[in-house]
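In what follows, chains carry the letters A, B, and so on, assigned in the order in which the sequence lines appear, proteins first and then strands, with residues in each chain numbered from 1.
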2 protein chains.
Amino acid sequence: MGAKTSRRAKPADESRQRILEAAFEIANELGYEGTTISKISARSGISASSIYWHFGSKDGLLAAVLTDSFERWEAVNMDLEAPLPGTSLGEHLRDIHAQAARSITENPEFWRLGLMLTLEQRISDVTARTQFLEIRSNVLGRLAGWWRKRMAPELVARRPDLAPLLARFNMATMDGLFVSAQADEGWDLQTLATMLADSQVFLLNQAASEGEGTRRNG
Amino acid sequence: MGAKTSRRAKPADESRQRILEAAFEIANELGYEGTTISKISARSGISASSIYWHFGSKDGLLAAVLTDSFERWEAVNMDLEAPLPGTSLGEHLRDIHAQAARSITENPEFWRLGLMLTLEQRISDVTARTQFLEIRSNVLGRLAGWWRKRMAPELVARRPDLAPLLARFNMATMDGLFVSAQADEGWDLQTLATMLADSQVFLLNQAASEGEGTRRNG
DNA sequence: ATTATCTATAGATCTATAGATAATGC
DNA sequence: ATTATCTATAGATCTATAGATAATGC
């Protein structure tokens with residue numbers, strides 16, 4: 001009943017966008033396995049066959065969802081700057097981590113989706129999972145580069161493993177804070193971010209002083 | 001074809017166990033949403049109706065899976081001891097975290113399942129999810145208690161928030177190492193565990209020395 | 001009688017495609 | 001002609017239950 005549905009009312013890819021949004025929301029709530037074309041169709045109001053027309057397959061759709069949401073996430077979260085002159089490394093790190101902690105609570109969607117894809121263990125035929133793992137490894141590389149610039153050249157030469165380790169320690173802790181925030185709203189993420197910043201400064205100093213005169217043991 | 005299936009060949013709850021195992025494996029690979037009675041039936045070789053007879057519902061089955069796997073996990077992972085006399089806190093922590101890192105790679109199943117349940121955001125009608133969150137909060141409480149015993153009474157009185165914070169920092173980092181290990185096999189978890197131990201000792205000392213004469217600012 | 005299993009099946013949901021149809025761009 | 005949509009539908013899979021059947025424990 002009511003007006004006959006007019007086909008092709010929308011310009012170009014407004015529908016595409018609606019589908020991506022609905023799929024992103026559902027994948028975020030339920031993971032890859034819980035995301036079905038049916039649910040996406042119901043939420044977006046666009047027929048299942050149109051979804052297939054746009055994306056070809058569930059795998060293709062989820063891959064597009066990941067790319068699309070990554071672009072938005074990256075714009076907000078990946079500006080790694082050098083500390084301003086006059087700012088200590090410790091202060092700067094506290095700022096950076098505080099910002100990261102804020103983004104964990106304010107827009108957790110992209111990272112949550114990625115972590116769910118990481119934990120779901122299908123043999124690897126999920127394109128979106130592979131994409132996320134690549135993004136993750138890329139972010140890690142950028143973090144390591146940032147750390148390398150904060151280290152004295154002598155230290156970089158003596159401990160080439162240190163920058164990647166600090167980067168990994170960083171990412172691991174942030175992943176952990178992320179999961180914690182999902183499990184329980186009551187965490188004081190700001191304080192925990194400060195603890196991480198202070199720990200990193202300590203670890204860096206520890207490594208630097210180990211080299212002064214003494215040969216490392218092990 | 002072949003011999004007619006004999007019903008009720010098995011004693012008491014051997015079947016129950018087979019179902020739990022199959023369900024645990026599948027839930028581990030695919031999360032709650034990806035776990036279906038059909039798949040469990042196929043993997044365990046036990047008919048769907050028998051599964052319903054044993055567990056009543058999918059929710060009931062997954063709740064049983066979580067309880068059952070938690071018991072096995074707890075037996076291996078939750079013996080928090082005091083440091084032996086003559087061992088420094090730092091050395092002891094390194095041991096503890098090294099052990100935790102080993103268990104992350106050696107039997108990640110229970111914790112992975114829990115994290116997947118945590119990240120999947122269904123409104124909360126999943127009993128297993130609630131159970132895991134309670135377990136998590138319980139583990140956190142035990143960790144905080146452990147830390148409190150390592151702190152001078154004066155410090156406990158002055159910074160009652162410190163033990164829970166160290167516990168949370170600990171758990172967050174371990175969650176993060178866990179996720180990292182799932183994403184990429186190449187991590188040197190032992191070194192990262194050492195970094196965590198050293199950081200905690202540093203944070204504890206930092207808090208202790210802050211109280212010597214100076215009033216904390218903020 | 002109770003316990004534990006099976007087969008069969010209803011009804012929902014899911015993936016994917018075929019084929020019709022309407023708007024757009026030549 | 002191409003683009004973007006819809007309805008209809010096939011066939012698979014899923015949840016859950018009914019009802020039959022066999023072993024066990026009185």
> Ring centres of A/Phe178 and A/Trp187 under 6.0 Å apart?
Replying inline: no
Whole angstrom is fine here: how far is it from [atom1] in [X] over to [atom2] in [N]?
{"X": "B/Arg18", "N": "C/dT5", "atom1": "CZ", "atom2": "P", "result": "9 Å"}
{"X": "B/Ile51", "N": "C/dA4", "atom1": "CD1", "atom2": "P", "result": "15 Å"}
{"X": "B/Asp13", "N": "C/dA4", "atom1": "CG", "atom2": "C1'", "result": "12 Å"}
{"X": "B/Phe55", "N": "D/dT15", "atom1": "CZ", "atom2": "P", "result": "15 Å"}
{"X": "B/Tyr52", "N": "C/dA4", "atom1": "OH", "atom2": "C1'", "result": "18 Å"}
{"X": "B/Trp53", "N": "D/dA20", "atom1": "CH2", "atom2": "P", "result": "19 Å"}
{"X": "B/Lys39", "N": "C/dC14", "atom1": "NZ", "atom2": "P", "result": "13 Å"}
{"X": "B/Ile37", "N": "D/dA16", "atom1": "CD1", "atom2": "C1'", "result": "9 Å"}

>> Taking the nucleotide of DNA chain D with the nearest heavy atom to each, does A/Ser50 or B/Ser57 sit closer to the 5' end?
In response: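 Closest to the 5' end, via its nearest nucleotide, is A/Ser50.
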> Under 6.0 Å from the six-membered ring centre of B/Trp146 and within 45° of its axis: does the NZ or CZ of B/Arg150 meet both?
Replying inline: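 Yes.
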>> Side-chain N or O of B/His54 versus OP1/OP2 of C/dT3: is the shortest distance under 4.0 Å?
In response: no
>> Quick one, B/Leu203 and B/Leu165 - any side-chain contact, counting heavy atoms below 4.5 Å?
In response: no
>> For a 4.5 angstrom cut-off between non-hydrogen side-chain atoms, does B/Trp147 reach B/Asn170?
In response: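 Touching, per the 4.5 Å side-chain cut-off.
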> Is C/dT24 paired to anything, Watson-Crick or G-U wobble with both distances less than 3.5 Å, and if yes, which nucleotide?
Replying inline: D/dA1
>> Taking pairing as Watson-Crick or G-U wobble with both contacts under 3.5 Å, can you name the mate of D/dT7, or confirm there isn't one?
In response: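 Pairing partner: C/dA18.
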>> Would you call the rings of B/Trp73 and B/Phe110 parallel, tilted or perpendicular, taking 30° and 60° as the class edges?
In response: tilted
> Which listed nucleotide (D/dT5, D/dC14, C/dA16) is nearest to the side chain of A/Ser15?
Replying inline: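 Nearest listed nucleotide: D/dT5.
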> Out of C/dT15, D/dT7, D/dC14, which nucleotide sits closest to the side chain of A/Ser47?
Replying inline: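 Among the listed nucleotides, the one closest to the side chain of A/Ser47 is D/dT7.
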>> Quiz question: going by heavy-atom distance under 3.5 Å, is there a donor-acceptor pair between the base of D/dT7 and the side chain of A/Ser49?
In response: yes
